[in-house]
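Here is the structure we will look at, set down as structure tokens.
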Amino acid sequence: MTEATPWYATWTQAVTDFRGEADERGFTNVTVRLTVPASLGGSRVRVELSNRFGDGPVRIGRGAIGIGDRFSKVAFDGLSSTEIPPGASRWTDPIGLTVRHSDEIVVDLYLPEPTPYTTAAGFRFSRSSPGDFVGACPFPLEGGSPETIDESREFPAANTGAEDEPDGTGWSLPPGGPFLRTIEVAGVEAKAVIVALGGSSTAMGWPQYTAAFLPADAKIAVVNRGIAGNRIRLDAPPSTPSWGRSALSRFDEDVLGTAGATHLVIAYNSNDWGLPGRITPMAEMPSVDQLIAGYQELIGRAQAAGLQVILATVTPLAPELLAEPEREDMRIALNAWIRASGHVVVDFDAAVRSESDPSRLAAKYAAPDDTHPSVNGSKRLAQAMVEVIQRLKLWPVEGA
């Protein structure tokens with residue numbers, strides 16, 4: 001069936017491979033609730049569920065999409081349940097539902113059969129007590145209440161409270177979770193769909209904050225395709241598959257596969273040269289020229305598809321990496337190339353670095369590990385991105 005109007009991504013995540021990683025257990029006779037922000041409004045909505053990395057089928061017993069406490073049941077080719085084969089995805093049938101900018105979209109999935117935690121992303125979702133609680137208000141959390149953040153574990157973490165530090169100094173942990181890859185809307189003419197491709201600092205939420213800071217009448221979607229631990233050139237090491245396929249490997253799927261994409265932000269951390277010799281073999285250490293070549297390939301592929309490219313400078317390294325000056329030298333050299341590249345630049349480095357020690361994050365923007373952005377840090381990166389969007393004149397700017 002041909003749709004009369006185009007679809008645009010309003011929220012996305014870059015699903016990745018959690019097989020073999022023990023931080024999140026599987027599901028049996030449980031309802032998963034994912035609550036995510038819309039960056040773009042519309043009058044129709046559909047959802048993509050992915051089993052990209054599963055070894056067996058995923059059975060969805062029932063599902064619903066809601067705004068607030070108003071839920072609509074979803075169907076799959078007219079049926080209330082579906083089975084997603086390994087390596088595949090399934091779209092819900094479109095439903096008429098008014099979605100507004102910054103609405104919280106709720107996606108409920110009932111998983112009746114034993115289902116491993118395999119294809120996922122993000123940091124926060126809700127897991128119910130046993131049973132089918134699709135559309136339930138209130139939603140009965142497993143354990144009865146949100147868990148506190150356990151900093152000894154890796155994320156994602158179900159039922160995790162994210163507002164433990166109301167002053168914004170804590171971890172920036174955006175919503176996400178298993179199987180949900182994309183939410184699209186129709187019935188709107190988007191002015192831009194900006195795709196953020198990157199590592200952990202992107203995965204931790206500046207795209208969502210950017211979308212929230214934009215006015216509703218901007219009609220601009222800013223969607224997240226970041227993966228914690230991700231690299232531009234090389235796929236994740238076998239010991240940590242959740243760090244994902246490289247940007248070069250997943251570009252077509254995660255960037256060109258984003259409905260309505262008009263802009264690409266390449267916003268990577270230092271994983272390409274921070275992991276070798278510490279977590280991966282030293283032989284994987286790239287030269288600056290190889291790093292630049294990776295960026296140039298991404299840029300060329302984006303431009304060939306008609307996307308405008310925005311390059312983000314690399315924020316300061318983890319404190320332990322500063323003991324090896326050559327790694328900081330690589331960051332400085334790469335940032336110099338980015339700033340002089342002739343492309344549009346969002347200077348994340350300048351936005352969050354310490355004024356007294358530019359090799360470190362400013363304390364007010366650093367998460368508890370002094371490496372990743374806190375909530376305040378992610379919001380500061382988002383403000384820098386909004387300033388770039390204003391310079392691009394993607395929506396009328398008062399006084400411009």
Side-chain angles (χ1 to χ4, degrees), residues 1-15 34 36-50 52 63-67 72-78 82 84 88-107 121 179-197 207-208 210-212 214-226 250-266 298 301-310 344 385 389 392-396:
M1 174 178 168
T2 302
E3 296 290 343
T5 57
W7 289 91
Y8 299 99
T10 187
W11 179 90
T12 68
Q13 60 182 2
V15 293
L34 303 100
V36 302
S39 59
L40 186 68
S43 59
R44 304 179 76 203
V45 63
R46 66 182 182 182
V47 165
E48 181 190 15
L49 304 177
S50 176
R52 175 72 169 75
I65 302 173
I67 304 291
S72 298
K73 296 178 182 178
V74 299
F76 305 87
D77 295 326
T82 192
I84 310 174
S89 66
R90 285 282 185 270
W91 284 93
T92 64
D93 298 344
I95 61 172
L97 182 67
T98 298
V99 177
R100 295 180 175 86
H101 169 74
S102 292
D103 271 350
E104 294 282 290
I105 302 176
V106 181
V107 178
F179 312 120
L180 178 62
R181 181 172 182 265
T182 309
I183 301 177
E184 293 180 356
V185 293
V188 65
E189 185 175 345
K191 294 179 182 175
V193 175
I194 301 171
V195 182
L197 185 70
Q208 288 92 322
T210 302
L214 294 171
D217 63 1
K219 295 184 180 178
I220 295 172
V222 186
V223 297
N224 196 336
R225 296 293 196 189
R250 64 189 180 93
F251 178 87
D252 288 358
E253 189 172 329
D254 282 347
V255 178
L256 302 187
T258 299
T262 58
H263 294 70
L264 170 66
V265 186
I266 304 175
L298 292 174
R301 290 165 68 179
Q303 290 178 332
L307 305 185
Q308 180 168 4
V309 174
I310 302 166
V344 178
M385 190 67 235
I389 293 171
L392 291 173
K393 300 186 183 302
L394 295 181
W395 92 91

- State which residues pass side-chain hydrogen bond (donor to acceptor under 3.5 Å, both in side chains) with Thr82; sequence neighbours excluded, sorted by chain then number. none
- Residues passing the side-chain hydrogen bond (donor to acceptor under 3.5 Å, both in side chains) test with Arg90, sequence neighbours excluded, are none
Give the minimum heavy-atom separation between [X] and [Y], together with the two atoms involved.
{"X": "Ala14", "Y": "Gly226", "result": "CB-O, 4.1 Å"}
{"X": "His263", "Y": "Ile310", "result": "CD2-CD1, 4.5 Å"}
{"X": "Phe251", "Y": "Leu264", "result": "CE1-CD2, 3.7 Å"}
{"X": "Val185", "Y": "Gly41", "result": "CG2-O, 3.6 Å"}

- Query: Which of these, Val344, Ile194, Thr262, Leu394, sits in a side chain to side chain contact (heavy atoms under 4.5 Å, CB included) with Gln308?
  - Reply: Val344
For residues 94-102, dump all side-chain donor-acceptor pairs below 3.5 Å to protein atoms at least two apart in sequence or in another chain.
residue, atom, partner, partner atom, Å
His101, ND1, Ser39, O, 3.2
His101, NE2, Ala211, O, 3.4
His101, NE2, Leu214, O, 2.8

- Item | Salt bridge flag under 4.0 Å for residues Asp217 and Lys191 | no
Does [X] reach the main-chain N or O of [Y] with its side chain, forming a donor-acceptor pair under 3.5 Å?
{"X": "Ser89", "Y": "Glu48", "value": "no"}
{"X": "Arg181", "Y": "Ser50", "value": "no"}
{"X": "Thr12", "Y": "Asn224", "value": "yes"}

